[in-house]
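Here the structure is laid out as structure tokens; the discussion comes afterwards.
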Amino acid sequence: MHASLHAPSTAAPCCSLPVSPCAARSRRIRLSQHQSTQVSAASGPQSSALRLGLGISAPGLVQQQRRRSDSVTVAAFDRGVPPRFGMPPRNTEAPPPGLYTPDWAPDRTQICTPVTATTTLGALKELNEAYKSGAHMVELRADYINGLVPKTDLKNLIEAAQLPLIVTCRPAWEGGQYEGPEQERLEILKTAAELGADYIDVEFQVVRDFLQMCIPPEGVKLIISYHDFDKTPTDDSLNRLVADMHAVGCHVVKIAAMANDISDSMRMLQLLERQNGRATVALSMGERGLPARILAPKYGGYITFGALHAGAESAPGQPTVQELRDVYRVHLQTPDTKVYGVIGNPVSHSRSPALHNAALEAAGLDAVYLPLLVDDLPRFLESFDAPAFSGFSVTLPHKAAALAAVAESKADPLAKQIGAANTLVRRRDGSLAAFNTDCPAALSAIEMGVLQHQAEAEGISTEGIQEALEQVVQRGLQSPLEGSTVLVIGAGGAGRALAFGAAERGAKVLIANRSREKADELAAAVGSAASVVTLEDVNAGRVKADVLANSTSVGMHPNVDQTPVAAAAMSNFTVVFDAVYTPLETQLLKDAKAAGCTTVSGLEMFVGQAADQFRLFTGQTAPVKLMRRVTLESLAGQT
């Protein structure tokens with residue numbers, strides 16, 4: 001709550017604060033020159049300034065007649081989305097005359113970064129950081145600033161902004177930080193408009209109250225916003241909400257809603273698609289809403305928001321500017337951009353987006369790869385069924401469901417044999433085909449570990465192991481695993497891939513799993529080469545094998561101190577493989593290394609399976625060295 005605020009003005013409801021015309025004009029010229037280097041002018045009968053919505057004074061803005069009261073549509077909306085506790089009552093009076101028509105979306109969606117500092121000095125610093133970050137716009141969150149003195153602090157902040165500036169003072173009842181008197185909050189926004197902020201963000205609930213106080217002067221653009229931190233309204237409610245917001249009259253409509261299922265993010269993207277170019281911001285909050293933020297440019301969104309850095313988010317699920325630009329390349333998206341992604345739960349740990357996006361960029365493809373937090377795979381596939389969604393990597397716990405989701409004729413024989421798929425590819429007829437690239441990648445990584453151990457035991461150089469293994473594969477020679485014993489921990493999708501792959505290469509397979517029933521089912525599917533042991537016997541040191549292969553997520557970031565097998569049992573194994581690659585050296589591998597085992601991290605399996613996926617997605621050979629380097633860099637930056 002602000003400790004020091006000016007008293008509400010008693011002046012007539014118009015913008016009357018003295019502002020230097022020369023200073024305002026100079027700033028607008030500077031912003032115009034800056035923005036012209038980032039966004040190409042939009043075509044159409046509207047002026048470039050109007051279409052781009054950069055806060056540039058645009059001649060000929062259409063003045064609107066006094067609109068009829070829309071109390072009927074407001075009441076209809078209220079039935080669909082009831083107001084939340086703490087909101088002031090909505091003013092349903094007809095808005096005053098002189099409101100502007102909606103802007104048109106720019107050729108490129110603008111990346112906006114919020115300034116969330118709690119002091120004026122900190123906000124000035126963040127404004128400078130925003131300019132250097134690669135963002136196109138900046139949002140000043142005045143509700144975060146303690147002790148804000150509007151007429152002096154806002155003047156300094158608005159003049160200091162080197163990017164088009166949105167001023168927001170979000171109340172607590174709409175998810176913000178401001179808890180003071182409502183009249184004083186609206187006075188802050190009024191002052192920002194009078195001082196020449198490029199945009200003023202006003203909540204739909206109170207926009208009529210604000211417009212009775214102040215009609216934004218020409219060149220100051222009005223954003224009407226609505227936030228729901230509990231859910232995403234129904235499609236009908238969203239449509240009514242947009243119509244009601246436009247009925248008030250504004251340049252930009254903004255809706256942000258919590259995504260409780262990833263399908264909610266697709267509904268927000270479809271809402272954007274229905275706007276036919278009108279300037280609209282439709283974003284989903286939370287991790288399940290990330291697709292709506294990253295794909296906003298593809299669907300014509302006016303703005304997408306990115307934090308200056310991790311920890312500075314102004315809303316749940318907000319990525320950083322660096323991620324939006326450098327990883328997802330949102331500024332280069334087009335309506336034709338193809339979309340790939342990794343389906344999982346959890347999925348935030350995955351380095352697949354970093355690896356695949358780097359490979360897609362290197363190949364010069366108009367495509368992006370997203371992390372997709374999926375709870376229900378069939379519902380996800382039903383929602384994300386457009387041809388643009390061209391392929392998916394699949395990880396825990398959806399690999400068996402991924403195979404079941406495709407027609408039997410569209411499943412690769414290896415995937416059918418294993419009973420799990422980690423790759424789905426969209427065919428030209430719109431159907432999905434299923435593949436398993438885990439198996440060859442994991443077994444190749446383990447075979448390299450076995451060859452390395454043999455070379456070290458015989459005092460032979462380990463150089464050229466990769467080439468030797470390639471010769472084994474190409475010539476159909478005996479696998480290094482033939483005649484060995486492989487203990488597989490876990491009976492999920494990756495465990496099935498390891499068990500079937502090891503058996504196919506002539507190894508005896510032991511399976512240990514928390515659920516004995518699943519272990520028995522897998523052993524029966526693999527056949528006579530497989531048998532079941534208990535985790536209790538493994539941890540007690542009563543099970544010996546040449547290779548220990550962990551396929552579970554135990555030890556994955558952030559639970560880095562956990563391990564699937566006790567350290568005391570490590571002496572019973574020669575080679576230890578962990579499919580987990582975050583962190584690169586898990587607790588399991590640390591214990592194995594301390595026991596003198598040859599260790600194999602999940603990195604090689606991860607890169608290998610991703611390289612095969614890239615080939616299936618694009619038809620091109622994967623840049624394996626680049627993918628490995630990017631993965632290592634991403635892991636090095638993990639906190």
Just by distance, no angles: are the side chains of [X] and [Y] close enough, under 3.5 Å, to form a donor-acceptor pair?
X	Y	value
S479	E447	yes
S314	Q318	yes
S601	D578	no

According to side chain to side chain donor-acceptor pair (under 3.5 Å), who are the partners of D375, at least two apart in sequence or on a separate chain? R288, N345

Could you tell me whether a side-chain N or O of N559 sits under 3.5 Å from a main-chain N or O of G555, the two making a donor and an acceptor? no

[atom1] of [X]: more than 12 outside heavy atoms within 6.0 angstrom?
X	atom1	answer
E382	CD	no
K416	NZ	yes
K410	NZ	yes

Salt bridge (charged side-chain N to carboxylate O under 4.0 Å, His left out) partners for R629, two or more places apart: E633

Parallel, tilted or perpendicular: ring planes of H349 versus Y581, cut at 30 and 60 degrees: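 Tilted, since the angle between the ring planes falls between 30° and 60°.
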
Parallel under 30°, tilted from 30 to 60°, perpendicular over 60°: which one fits the rings of F617 and H356? tilted

Partner of V565 under side-chain contact (heavy atoms from CB on, under 4.5 Å), chosen from V543, I489, L487: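 It is I489; the other options fail the test.
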
Taking distance alone, no hydrogens or angles, what donor-acceptor pairs closer than 3.5 Å link side-chain atoms of residues 392-405 to residues at least two apart or in another chain?
{"from": "S393", "atom 1": "OG", "to": "Y369", "atom 2": "OH", "distance (Å)": "2.6"}
{"from": "S393", "atom 1": "OG", "to": "Q613", "atom 2": "OE1", "distance (Å)": "2.8"}
{"from": "H398", "atom 1": "NE2", "to": "V374", "atom 2": "O", "distance (Å)": "2.8"}
{"from": "K399", "atom 1": "NZ", "to": "D438", "atom 2": "OD2", "distance (Å)": "2.5"}

